[in-house]
Amino acid sequence: MKELIKLDLADIGQVIESSKLVISVIGIGRIGLPTAVFFARAGFQTIGVDINPDLVKIVNSGQWPLKDEPGFQELFEDVTKKNKLLRATTDIADAISRSNVIILSLPTPMTEDNRPDYSAIEVVARSLNKLLQPYSIVVVESTVEPGYIENQLLKMIEGDGKRIKFGNNAGIAACPETANPGAILQDFQKVPRLVGAQDARSAKIVSLLYKHVFPVEILELSNCKTANASKLTANVFRDINIGFVNELAILFEKLGIDIIEVLGACDKKYNFETHYPGAGVGGPCLPVNSYQMLHSLSEANGFLKIIRAARETNEHMPYHVVDLLIEGLNEAGKPIKNSLVAVLGLSYKPDVADMQFAPGEHIINRIKQLGGRVRIYDPYFKSITLFSQRTERDLDGAVEGVDAVIIATAHKEFYSIEPGWLASKMNKKTPSSYPVVVDGRGVLDKRAAKKAGLIFRGIGRGGNC
Ligand SMILES: NC(=O)c1ccc[n+]([C@@H]2O[C@H](COP(=O)([O-])OP(=O)(O)OC[C@H]3O[C@@H](n4cnc5c(N)ncnc54)[C@H](O)[C@@H]3O)[C@@H](O)[C@H]2O)c1
């Protein structure tokens, strides 16, 4: 095997400019594949590694698999079909042994009891322990809790430290990814990158490399744990603020106040940052990141009350949606038992095909538990089997003849729902038997819904129209 170029500070600028480095991105999913495209676009031979052979095949055939990430098709074709700078493989050993820089973009979900699940990183760490080449650098883009790299990962890769010693003949850095699904191309060109490394030389090299690839500010932080703490802090801040407005939303429903009106007024104050209440906080980041922060607390034997309280409130929201449904059905004189409810939206956020930790599943299970019947529709999950039933093919079919509709995700398609149309499609057996709509995302016009004869409930939407 050819020896890898030594990454020296003295000539690293030249080495980067001449595109002589080989980059491996391990894990080419939502974040890793766009990352690999950017490294290849910057001129580097880039190897995308994944355990999923179907994904590898799709990537090598030049088809862009992330249909809900706009703007990548042309870039992707350039680096795969035209310049042939990006290829994918399942052969991790071959990729590691050829690469100067190994980027980990592996999933870091959580277990059923809300503990961080680093199993994918740990599997790869075992390969790195055997195969990482001297003078290469490992960059951890996966989100991990502060201290995980220094206290655990580093030792797993180094082993006895005889072959590889970070800070001596290899480097390890954290560059936690902060891009927003559905807007990754835009964020890669706009959002500053966080870089922290275990030694100053690796920090410099990784900063220069990322500066070359991403046209954004590079924030060089003191170490890996500070970089990871920064990523988590930004996301936990959002989880907590959403928890706060969710609590207020429940209060304002009781007080007859519309939270949207309140937030509109608060937004006029220069130091208020508006967050919106909703049916639940899902996705691979916010809930997981809060639990990662809480987990680092348990390691440090400390106390983090606000994060835990926000999580509790946010996790309660899908159940609150069902409480609003029951309230609406009561007003219509119907029990939830045997009522037919259309749940619109399974994705955890608008316009992406991702259901991780989304509230829809909890809402559906709760309704079924209470004896209700459910129809499910999401434009990103049409006509497939989910939660032991078939999802609907279209919105029309989903709402036809139902007693109630719940909007659980603010997909673009749902903004075009016209309340008059909705009321005419839903079940209106007798003049007093009004159909119910629960808006979990502030999508519908409350006044128009009521005018159309719908019994309207919305999170935080108390008060008269
Ligand atoms: N999706 C997001 O919104 C987002 C945003 C910022 C950061 N992140 C972080 O980025 C990391 C990756 O997330 P993602 O959303 O891209 O995940 P993903 O599930 O979309 O992709 C991960 C990929 O890794 C592959 N993989 C799993 N185990 C592997 C192994 N042992 N060897 C090789 N490949 C393996 C999977 O097959 C998958 O293709 C996570 O730490 C996540 O927290 C995600």
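One-based numbering, in listed order, for ligands and for the atoms of each.
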Colleague: State the atoms of ligand 1, each with its element, that fall below the 4.0 Å cut-off from a heavy-atom position in P107.
Modeller: 22 (C), 24 (O), 27 (C)

Colleague: Under 3.5 Å, is there a donor-acceptor pair linking the side chains of S290 and D239?
Modeller: yes

Colleague: Flag T178 as yes when one of its N or O atoms lies below 3.5 Å from any N or O atom of ligand 1, and as no otherwise.
Modeller: no

Colleague: If you count heavy atoms of other groups shown closer than 6.0 angstrom to CZ of R163, is the number above 12?
Modeller: yes

Colleague: Relative to ligand 1, is K349 under 4.0 angstrom through side chain, backbone, both or neither, heavy atoms considered?
Modeller: neither

Colleague: Any N/O of I31 closer than 3.5 Å to an N/O of ligand 1?
Modeller: yes

Colleague: Short question: side chain of S24, backbone of I26 - any donor-acceptor pair under 3.5 Å?
Modeller: no

Colleague: If the condition is side chain to side chain contact (heavy atoms under 4.5 Å, CB included), which residues does P109 pass it with, not counting sequence neighbours?
Modeller: P107, D117

Colleague: Which of these, I406, I367, V343, sits in a side chain to side chain contact (heavy atoms under 4.5 Å, CB included) with V321?
Modeller: I406

Colleague: Compute whether any side-chain donor of one residue and acceptor of the other, for K231 and Q292, lie under 3.5 angstrom apart.
Modeller: no

Colleague: Around R390, counting heavy atoms of other residues, nucleotides and ligands shown, do more than 12 lie under 6.0 Å from its CZ?
Modeller: yes

Colleague: Tell me whether K231 has any N or O atom under 3.5 angstrom from an N or O of ligand 1.
Modeller: no

Colleague: Measuring from atom NE2 of H316 to atom CD of E247, what distance do you get when rounded to the nearest 0.5 angstrom?
Modeller: 10.0 Å

Colleague: What orientation do Y319 and H362 show, parallel under 30°, tilted 30 to 60°, or perpendicular over 60°?
Modeller: tilted

Colleague: What is the ring orientation for F72 with F188, classed by angle as parallel under 30°, tilted 30 to 60°, or perpendicular over 60°?
Modeller: perpendicular

Colleague: Identify the closest protein heavy atom to atom 11 (C) of ligand 1: which residue and atom is it, and at what distance?
Modeller: L106 O, 3.4 Å

Colleague: Should Y118 and H295 be marked as a ring pair (Phe, Tyr, Trp, His ring centres under 6.0 Å) after you check the CA-CA gap, both sets of side-chain angles, and the distance that decides it?
Modeller: CA-CA 12 Å; Y118 297 131; H295 188 253; 7.4 Å; no

Colleague: Relative to ligand 1, is C285 under 4.0 angstrom through side chain, backbone, both or neither, heavy atoms considered?
Modeller: side chain

Colleague: Would E220 and Y210 count as having a side-chain donor-acceptor pair, cut-off 3.5 Å?
Modeller: no

Colleague: Provide the number and element of each atom of ligand 1 under 4.0 Å from a heavy atom of G29.
Modeller: 16 (O), 20 (O), 21 (O), 23 (C), 39 (O)

Colleague: May I ask you to list the atoms of ligand 1 that are less than 4.0 angstrom from any heavy atom of A120?
Modeller: 28 (N)

Colleague: Just to be sure I read this right, does ligand 1 sit under 4.0 Å from the backbone of V124, its side chain, both, or neither, counting only heavy atoms?
Modeller: side chain

Colleague: Number the atoms of ligand 1 from 1 as they appear, then name those within less than 4.0 Å of a heavy atom of P284, with their elements.
Modeller: 1 (N), 2 (C), 3 (O)

Colleague: So which bit of L55 gets within less than 4.0 Å of ligand 1, heavy atoms only: side chain, backbone, both or neither?
Modeller: side chain

Colleague: Is there any N or O on T108 that sits under 3.5 Å from an N or O of ligand 1?
Modeller: yes

Colleague: Of all the non-hydrogen atoms in the protein, which one sits nearest to atom 28 (N) of ligand 1, and at what distance?
Modeller: I51 CD1, 3.4 Å

Colleague: Any idea which protein heavy atom is nearest atom 5 (C) of ligand 1, and the distance to it?
Modeller: A179 O, 3.3 Å

Colleague: Please determine if D50 has a nitrogen or oxygen closer than 3.5 Å to a nitrogen or oxygen of ligand 1.
Modeller: yes

Colleague: Out of R126, R30, E177, E141, indicate the one that has the non-hydrogen atom closest to atom 7 (C) of ligand 1.
Modeller: E177

Colleague: So which heavy atom in the protein is nearest atom 9 (C) of ligand 1, and how far is it from that ligand atom?
Modeller: T143 OG1, 3.6 Å

Colleague: What residue and heavy atom of the protein are closest to atom 3 (O) of ligand 1, and at what distance?
Modeller: P181 CG, 2.8 Å

